Protein chains: 4
Amino acid sequence: MPEGITARRQQAEQRRAQLIDTALAVFAEKGVEAATVKDLSETAGVAQGLLYHYFRSKEDLLQAALERHYFLPELRRIVSPNRDRPAGEVLLEVAQSFAALLHEHRPLLQVMIREAPSNPAVADRVERARREGVRLLAEYLDSRVAAGELRPHDTEAAARLLLYAAFMANLTDTPTDRFLPAVVDSILWGIHARPS
Amino acid sequence: MPEGITARRQQAEQRRAQLIDTALAVFAEKGVEAATVKDLSETAGVAQGLLYHYFRSKEDLLQAALERHYFLPELRRIVSPNRDRPAGEVLLEVAQSFAALLHEHRPLLQVMIREAPSNPAVADRVERARREGVRLLAEYLDSRVAAGELRPHDTEAAARLLLYAAFMANLTDTPTDRFLPAVVDSILWGIHARPS
Amino acid sequence: MPEGITARRQQAEQRRAQLIDTALAVFAEKGVEAATVKDLSETAGVAQGLLYHYFRSKEDLLQAALERHYFLPELRRIVSPNRDRPAGEVLLEVAQSFAALLHEHRPLLQVMIREAPSNPAVADRVERARREGVRLLAEYLDSRVAAGELRPHDTEAAARLLLYAAFMANLTDTPTDRFLPAVVDSILWGIHARPS
Amino acid sequence: MPEGITARRQQAEQRRAQLIDTALAVFAEKGVEAATVKDLSETAGVAQGLLYHYFRSKEDLLQAALERHYFLPELRRIVSPNRDRPAGEVLLEVAQSFAALLHEHRPLLQVMIREAPSNPAVADRVERARREGVRLLAEYLDSRVAAGELRPHDTEAAARLLLYAAFMANLTDTPTDRFLPAVVDSILWGIHARPS
DNA sequence: GATGAATGAGTGTTCATTCAT
DNA sequence: AATGAATGAACACTCATTCAT
């Protein structure tokens, strides 16, 4: 009965995914330490023991959640715009897409940020994503400098400035619709008055 | 013997301060939840029971630590430059002083950031400081717009941009000596090329 | 199709035997309490649930193992030598055969000895075997006293002495090739010097 | 108040001893694995948590019990009779003292014997005691051979024979008052008839 | 017959807090 | 003021057993 076996496996896979997703929600709401296994199992509507059928430990469940919801590839795409498109057109898109990505993965981010200081595995993921995001966006800016659109400047600092702004907007629950355009405007054109 | 009583009070005050300071260090290192009362008392070199002589609970000790190390006044001063001084001269100073302040209070910050999501009392303090810092700096920028030095712009967004950059530099352990000048340069003058 | 049914039964019986044998090995290695049903099923290469198809419980499986590997008949034969044969010739044979029997059933013995204190069913089996072994050997010695080969003495004590020695050799992993002849020599002739 | 401090310490030491003693009793009755920490604390009349104030773990408590009740020194004394005294007079004393010692430490022995197979630390203690007991008694027998009282023989085997007999009597709950004299008689003089 | 997902009671252990001294 | 013994409610985790497939 290969069909039966496959069905069972699929069901198990679904159950695993469900457990991970509810766990992530609970972790985000209460914090990993404060979330008890009882919380996790009750929220998922299963017995405590079942969690240990699918995961070796609470920590293992956390890692599985990080793995399942990780979004480095999307991040990479977002911060790597086509190098022929002008920054004046592209930067706001980047900021908004990045903010949308963060918003979409809010529970994961909350968990990662809180756990990073005490969990090296988490800290690693955070740091890797941060570094790569900054690097890719800086490379795009470099290309725009080379194209003559942007003046020579510390492109890594500028990349950071943009990404950190979107990140902090997410962290502090600031609406981005007015903030991000203003941010991009400042970075691109500066706030200093010009001699006419 | 009023002197004896005063001496006692002073000693008690000292002991209290010592307990708070070691507690803050332990909280920062391990996280509040993970730091046990045994950790706290052992690090302070006293018996567990003594903590409950000075504080009603572990949570109370945490609040006392936040109270004792709070730095809103310094923050206010830093983000309120003399409104007659030009932004071109002042903004880097502000960014660097702010970064230095954050660096000085790193343990407190680590604790506050981690605890805020699950501790409304902490979240309040964070939010209040953030809002006030942004407001004051934005007001300064407003005054420089009025003075004609800066062009009209979303001054709150610009204030945020600067403060968030310094804050994230602290959070991600980035050295500020090159980063902050580049940040201020971007914000002031923009990164776009100028028609000569 | 009686043949089909018989074939099925045989297969089931084989499976049952296999489960018992691997269980006994695991019980002996880890101890009954410490051996989990997962250990047992994994070692047998089957799913956990299958064990409950063949046995009502872990305890039931243990009892089945004791039943299947019980060796009281062999023990009886070994400690009941032909009463016409002289002890000087027979006792070493008895000791060696008994030691070989114990060695052959080492896993079972390990399990029984450890479980006896907390499992009356096991304790009963042990006690019954012990008593019967001693009784039969003592009866043989009685007959040799009657035959005039042995002097009148506490034959039950002597029987115990011999059997306990072999048993302890097994328990303490002592090689028996030198030990048992020395034991028999002592018991038969004593270690005291003789007036020549 | 040095007296107060000392009193506290003494009380703590007493409490520790009480916990160890009740634990040993419970371990002996139910077996170490089967004895729950709840059993232990309830029998001692204290809260579960208190056990962990005095011992790091259940295993640690077990080791403390083995340590506190260990009786190797007494064993050494018992199996090292004065070498000038004749074996005919001494061996029964040795056997009876040894049996009394085992009887006195019955709970400890039950625990050690059951735990040895799965607990190397315990197995070590058992093995060390066994080896040393045999060695010392064999040395005494050697000296009696040298003195001409005993005939040359495998003294180690004889020592084992005597000690194992007493040990097994203890294990099987056999009364020793008739058994041990018969054992010593057999070993000393043999059970074979003599040509008159 | 055979699987392995699912259960739920129970385990050893931790820890903030209390209290007698 | 200061100690540390003592508590008891939680905690993460285990495991024999059941059951739908």
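Numbers restart at 1 for each chain; the letters A, B, ... are given by sequence-line order, proteins then strands. Note that this is a predicted model, so its numbers are computed, not measured.
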_Is it true that Gln18(D) and Arg15(D) share a donor-acceptor pair across their side chains at a distance under 3.5 Å?_
yes

*May I have the distance from Leu51(A) (atom CG) to dA9(E) (atom C1'), rounded to whole angstrom?*
16 Å

_Taking the cut-offs as 6.0 angstrom to the six-membered ring centre and 45 degrees off its axis, would you call Arg125(A) and Tyr70(A) a cation-pi pair?_
yes

*asked:* Rounded to whole Å, please give me the gap between CD in Gln14(C) and P in dA2(E).
replied: 11 Å

*What is the distance from CG of Asp39(B) to P of dC15(E), rounded to the nearest Å?*
8 Å

*Check the side chains of Ser57(A) and Asp60(A) for a donor-acceptor pair under 3.5 angstrom, ignoring hydrogens and angles.*
no

*Value rounded to 0.5 Å, distance of CD in Glu33(D) from CD in Glu115(D)*: 7.0 Å

*Pick the nucleotide of DNA chain F nearest each of Lys58(C) and Val37(A); which residue has the one closer to the 5' end?*
Val37(A)

*Between Tyr52(D) and dT14(E), is there a side-chain N or O to OP1/OP2 distance below 4.0 Å?*
no

*How is Gln11(A) classified with respect to the nucleic acid when contacts are heavy atoms under 4.0 Å: base, sugar-phosphate, or nothing?*
nothing

_Between His53(C) and dG1(E), is there a contact of a side-chain N or O with OP1 or OP2 at under 4.0 Å?_
yes

*Indicate whether any N or O donor in one side chain lies under 3.5 Å from an N or O acceptor in the other, for Gln14(C) and Gln10(C).*
no

*asked:* Counting only side-chain heavy atoms from C-beta out, which of dT7(F), dC13(F), dT18(E) sits nearest to Leu50(D)?
replied: dT7(F)

_Nearest-angstrom distance from the residue atom CD of Glu42(A) to C1' of dG8(E)_ = 13 Å

_By nearest atom, which of the nucleotides dA6(F), dA2(F), dA16(E) is closest to the Tyr54(D) side chain?_
dA6(F)

*Pairing partner of dT21(F) (Watson-Crick or G-U wobble, both distances under 3.5 Å)*: dA2(E)

_First of Arg15(B) and Arg56(A) reached from the 5' end of DNA chain F, by closest nucleotide_ = Arg15(B)

*Return the nearest nucleotide to the side chain of Arg8(A); candidates are dA20(E), dT3(E), dT7(E).*
dT3(E)

_What is the separation between atom CD on Gln18(D) and atom P on dA5(F), rounded to the nearest whole Å?_
14 Å

*Using atom NZ of Lys38(B) as one end and atom C1' of dA5(F) as the other, report the distance to the nearest whole Å.*
13 Å

*Let me know the distance between CD of Gln10(A) and C1' of dA5(E), rounded to the nearest Å.*
16 Å

*Opposite nucleotide pairing with dC15(E), Watson-Crick or G-U, both atom distances under 3.5 Å*: dG8(F)

*Map Glu33(D) and Gln48(A) onto DNA chain E by nearest heavy atom, then report which one ends up closer to the 5' terminus.*
Gln48(A)

*Whole angstrom is fine here: how far is it from CG in Asp60(B) over to C1' in dT17(E)?*
13 Å

*Counting any heavy atom closer than 4.0 Å, what does Ala35(B) reach on the DNA or RNA strands: base, sugar-phosphate only, or nothing?*
sugar-phosphate

